[in-house]
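Quick note on labels: first sequence line is chain A, next is B, and so on, each numbered from 1.
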Amino acid sequence: MATVTATGELRGGRRLRDWLGDRILIFVTAGASLVALGLIAFIAYKILRGAHLALSTFGISFIWGTAWDTNKNVFGALPGLYGTAVTSLMALLIATPLAIAIALFLSELAPSGIRLVVGSLVEMLAAIPTVVLGLWGILVLGPFLADHVEPWLHSTLGFIPLFGGQPGASGIFVAGVILAIMAVPIIASVCRELFVTVPPEQEEAALALGATRWEMVRGVVLASSRPGIAAAVILGLGRALGEAIAVTQVIGAAWGVKWSLFVPGDTLASRIAGQYQGAVSKLQISSLFYLAAILLVIGVVTNLAAQLIVRRFAYARPGGS
Amino acid sequence: MAAVEPGISLRGGGRVRRRKVVNRIAEAVALVAALLAIFVLGIVVWSVAKRGAGELSWNFLTKDLPIPFSPDKGGIAPLLVGSAVLVGLAAAMAVPFGVAIALYLEEFASPRVAPAIQLSVDLLNGLPSIVIGVFIFGVFVYGHLQNGWAGSIGLAIVMLPLITRATQEVLRLVPRGYREAALALGASRWRTVLGIILPSSLGGILTGSVLAIARAVGETAPLLFVTSIYGRSVAWNPLHALPNAPVQIFIWSESEDPADHQRAWATALVLMLFVLITSLVARLALARTRSKLGR
């Protein structure tokens with residue numbers, strides 16, 4: 001019995017230490033988590049606070065205002081919204097089919113050695129700093145598109161207003177292509193993870209029924225991943241909507257709503273970044289905060305939409321990650 | 001034995017041939033798409049290397065920034081030092097926070113609390129970096145002077161969700177058996193976490209952090225408003241604005257002067273090589289950790 005009391009005492013001391021250790025560790029990690037929670041709220045608060053002056057001056061009509069006049073102190077967001085929508089849409093139109101094809105190549109077609117190499121190379125594309133991609137965009141891609149691609153589009157499809165303007169080395173078109181390059185690796189990597197989780201029995205069943213590989217992909221892999229693909233595209237969209245630096249470099253900074261893709265424009269993000277050399281008035285700075293607030297709302301909404309789809313999808317396909 | 005005469009032809013007719021052709025086309029499209037992505041990567045890397053390599057020299061890496069509008073070529077030493085200081089401080093802030101959040105989410109959080117925190121991490125991850133830049137400007141610089149700390153905190157916000165995610169992923173890979181064995185031996189939770197779980201996922205956390213660093217070092221938007229007006233010489237003190245590579249590439253790329261474009265290419269080459277090599281190595285290491293833990 002003596003030994004029992006001895007270990008009891010020993011365990012008593014240890015129990016206190018363990019109790020304390022557990023508390024401290026939980027306290028510290030929970031504190032860090034609270035900081036993350038608070039941070040997102042603080043970011044929203046601070047941006048709205050900064051936008052307050054512009055909000056009270058222009059109200060909601062800021063959103064459809066088209067001016068950016070530092071002399072008259074009148075500002076509006078519409079050209080930026082338009083530019084953001086057009087460049088992102090164009091990026092998605094180019095990137096989505098490409099990314100899905102890449103993901104299919106990596107998940108269904110490529111032998112494992114090639115898969116590793118090609119997969120890493122595609123991920124490297126996402127690792128290139130955006131400012132480097134923008135530099136390449138303005139000095140290499142822009143002139144190339146202006147000399148070779150845009151004139152061709154203009155002469156063959158020039159009757160459509162989108163392809164109507166004079167080809168130029170910087171503008172919405174170049175920005176759309178650059179954003180597509182950024183969106184491809186994101187969409188591709190999400191899609192690839194999706195395709196890998198398709199139950200192999202279903203794929204094999206389709207093949208056993210005599211389907212060709214493509215019919216199997218269309219009927220099983222793509223059909224069962226549709227919501228996930230949508231979520232992947234929205235994630236790519238989120239990236240394209242918010243990219244500031246590379247777009248600022250290639251888009252040419254012109255605040256107006258023009259039909260042509262070839263003329264300079266601006267997006268919400270690129271207008272903010274383009275004003276880094278300093279704004280003239282408090283109202284102008286506040287208007288930049290207003291643009292950032294719009295961007296924040298769009299960013300949160302796209303993110304939530306993607307999450308919602310993924311969550312629903314996770315129920316639909318248990319076992320998928 | 002009488003030969004069995006099949007009633008229908010077992011050889012493919014036109015329909016089967018068409019299906020096979022469609023299949024071939026689809027496979028070719030997938031292959032071409034993958035090659036196109038690699039081609040774009042190659043052409044970007046090659047463009048930067050071709051234009052930047054000629055400019056690179058020991059002098060370029062070690063001298064101060066050029067005097068504007070002078071024939072002097074200058075160097076980028078201040079950019080390298082400044083970027084290192086900014087990203088180093090950012091990592092020092094983001095890594096402990098990110099790991100702690102991941103630990104809480106994976107080890108302690110109740111199912112009621114976890115989704116809210118997970119959501120805020122995901123939202124931080126999806127936040128456009130220019131919004132972070134504007135936020136940091138509003139908090140630290142509006143009405144004050146530009147400084148390096150503000151830039152580091154901005155970069156830390158970019159890194160935080162990346163590190164949390166990477167850590168969560170490796171924590172999930174730690175076999176349940178480890179946890180159960182430690183607890184069955186009478187170890188308390190904090191000892192289990194700090195003594196067993198964290199050490200066995202250390203490799204993954206490290207590579208995740210390196211990937212986050214590779215991402216942060218190329219981020220321009222969080223720095224643009226808070227550390228973009230700086231001197232020509234090497235500066236270490238984050239209380240003042242620090243010269244840094246991404247912002248300087250941005251400024252040079254917007255310049256009209258072809259000499260500035262040359263400098264931008266060379267700086268871009270240095271930055272890109274650093275980013276690509278570190279992320280490649282980290283990715284390979286991560287793949288190894290995964291296969292080791294996920295047996």
Side-chain angles (χ1 to χ4, degrees), chain A residues 18 21-22 25-26 28-30 32-33 35-37 39-40 43 46-47 50 98 101-102 104-105 109 118 120-125 127-136 138-140 181 184 212-215 238 241-242 244-245 249 269 272-273 276 288-289 292 295-296 299-300 303 307, chain B residues 19-20 22-23 26-27 29-31 33-34 36-38 40-41 44 47-48 97 100-101 103-105 108 116-117 120-124 126-128 130-131 134-135 138-139 160 188-191 193 214 218 220-221 224-225 228 246 249-250 253-254 261 264 268 271-272 275-276 279-280 283:
Chain A
D18 283 349
D22 280 0
L25 188 61
I26 292 178
V28 167
T29 57
S33 304
V35 169
L37 205 69
L39 186 60
I40 200 93
I43 289 174
K46 201 67 199 177
I47 293 217
L98 270 178
I102 293 170
L104 284 176
F105 176 78
L109 214 55
V118 174
S120 332
L121 285 176
V122 172
E123 290 195 338
M124 286 297 105
L125 196 55
I128 295 179
T130 56
V131 70
V132 175
L133 212 52
L135 176 71
W136 178 76
I138 191 173
L139 295 177
V140 179
I181 295 176
V184 160
T212 62
R213 194 133 62 155
W214 164 242
E215 286 163 347
L241 288 170
I245 298 304
Q249 284 165 295
I272 301 172
Y276 74 102
L288 291 175
F289 273 91
L295 209 51
L296 178 73
V300 167
N303 214 301
Q307 301 249 349
Chain B
R19 288 171 56 204
K20 278 191 175 152
V22 170
N23 184 47
E27 288 181 354
V29 167
L31 178 67
L36 188 64
I38 295 173
V40 170
L41 175 72
V44 171
S47 304
V48 175
F97 263 102
I101 294 169
L103 276 179
Y104 185 70
L105 280 172
F108 303 117
I117 293 160
S120 60
V121 171
D122 290 341
L123 286 181
L124 277 180
L127 217 55
I130 190 76
V131 171
V134 171
F135 161 72
V139 175
L160 182 72
S188 57
R189 283 172 88 186
W190 72 281
R191 284 197 158 254
V193 168
T220 318
L224 201 53
F225 300 103
S228 58
I249 295 173
F250 181 73
S253 79
E254 301 270 275
H261 291 170
L271 183 65
M272 192 181 65
V275 169
L276 290 187
S279 43
L280 194 66
R283 256 171 228 289

Checklist line | Closest non-hydrogen atom pair, A:L135 against B:A268 | finding: CD2-CB, 3.7 Å
Margin query: Is A:I181 in contact with chain B via its backbone, its side chain, both, or neither, using a 4.5 Å heavy-atom distance?
Written below: side chain
Item checked: Option that, when pairs with chain B are counted at under 4.5 Å, heavy atom only, ranks first among A:I102, A:D18, A:L25 -> A:D18
Check: Around atom CZ of B:R191, are there more than 12 heavy atoms of other residues, nucleotides or ligands at under 6.0 Å?
Finding: no
Check: Can you tell me how far the CD1 atom of A:I40 sits from the CG atom of B:L124, to the nearest 0.5 Å?
Finding: 4.0 Å
Notebook entry, point to check: Relative to chain A, which segment of B:V134 carries a heavy atom at a distance below 4.5 Å: side chain, backbone, both, or neither?
Noted result: both
Notebook entry, point to check: Roughly how far, to the nearest 0.5 Å, is the CD atom of A:Q307 from the CG atom of B:L123?
Noted result: 6.5 Å
Check: Which region of A:D22, side chain (C-beta onward) or backbone (N, CA, C, O), has a non-hydrogen atom less than 4.5 Å from a non-hydrogen atom of chain B, or is it both or neither?
Finding: both
Next item on the list: Check A:L37 against B:S120 and note the closest heavy-atom contact, atom names and distance.
Entry: CD1-OG, 3.6 Å
Checklist line | Contact summary for A:A30 and B:Y104, nearest pair of heavy atoms | finding: CB-CE1, 3.4 Å
Check: Is it the backbone or the side chain of B:R189 that comes under 4.5 Å from a heavy atom of chain A, or both, or neither?
Finding: both
Next item on the list: Identify which of A:V184, A:L295, A:L139 forms the greatest number of heavy-atom pairs closer than 4.5 Å to chain B.
Entry: A:L139
Next item on the list: Could you have a look at A:I272, A:L296, A:L133, A:I245 and say which one has the most heavy-atom pairs with chain B under 4.5 angstrom?
Entry: A:I245
Notebook entry, point to check: Taking every heavy-atom pair that is under 4.5 Å apart, which of B:L105, B:L103, B:I249, B:V121 has the most such pairs with chain A?
Noted result: B:I249
Next item on the list: Check each atom of B:L36 against the heavy atoms of chain A and say whether the ones under 4.5 Å are side chain, backbone, both or neither.
Entry: side chain
Next item on the list: Measure across A:G242 and B:I130 and return the closest heavy-atom pair with its distance rounded to 0.1 Å.
Entry: O-CG2, 4.0 Å
Next item on the list: Output the option from A:I43, A:T212, A:V28, A:L104 having the highest count of non-hydrogen pairs under 4.5 Å with chain B.
Entry: A:I43
Checklist line | Interchain contact, B:V275 with chain A, by part (heavy-atom threshold 4.5 Å) | finding: side chain
Item checked: A:L121, part contacting chain B, at a heavy-atom distance under 4.5 Å -> both
Note to self: Please report the interatomic distance CZ(B:F135) to CG(A:L39), rounded to the nearest 0.5 Å.
What the structure shows: 5.5 Å
Notebook entry, point to check: Can you name the nearest heavy-atom pair linking B:F108 to A:I26, along with the distance?
Noted result: CD2-CG1, 3.6 Å
Checklist line | Side chain proximity check, A:Q249 to B:F250, heavy atoms < 4.5 angstrom | finding: yes
Note to self: For chain B, which candidate among A:A269, A:G134, A:S120, A:A273 shows the most heavy-atom pairs at distances under 4.5 Å?
What the structure shows: A:A273
Notebook entry, point to check: Side chain, backbone, both or neither: which part of A:L109 has an atom under 4.5 Å from a heavy atom of chain B?
Noted result: side chain
Next item on the list: Using non-hydrogen atoms and a 4.5 Å limit, figure out which bit of B:A214 sits close to chain A: side chain, backbone, both or neither.
Entry: neither
Next item on the list: Please report the shortest heavy-atom distance between B:A37 and A:V122, naming the atom on each side.
Entry: CB-CG2, 4.2 Å
Margin query: Please classify the contact between B:E27 and chain A as side chain, backbone, both or neither, with a heavy-atom cut-off of under 4.5 Å.
Written below: both
Next item on the list: Please flag which part of B:F225 lies under 4.5 Å from any non-hydrogen atom of chain A: side chain, backbone, both or neither.
Entry: side chain
Margin query: Could you go through B:L41 and A:I128, starting from their C-alpha distance and side-chain angles, then the distance that decides it, and tell me whether this counts as side chain to side chain contact (heavy atoms under 4.5 Å, CB included)?
Written below: CA-CA 9 Å; B:L41 175 72; A:I128 295 179; 3.7 Å; yes
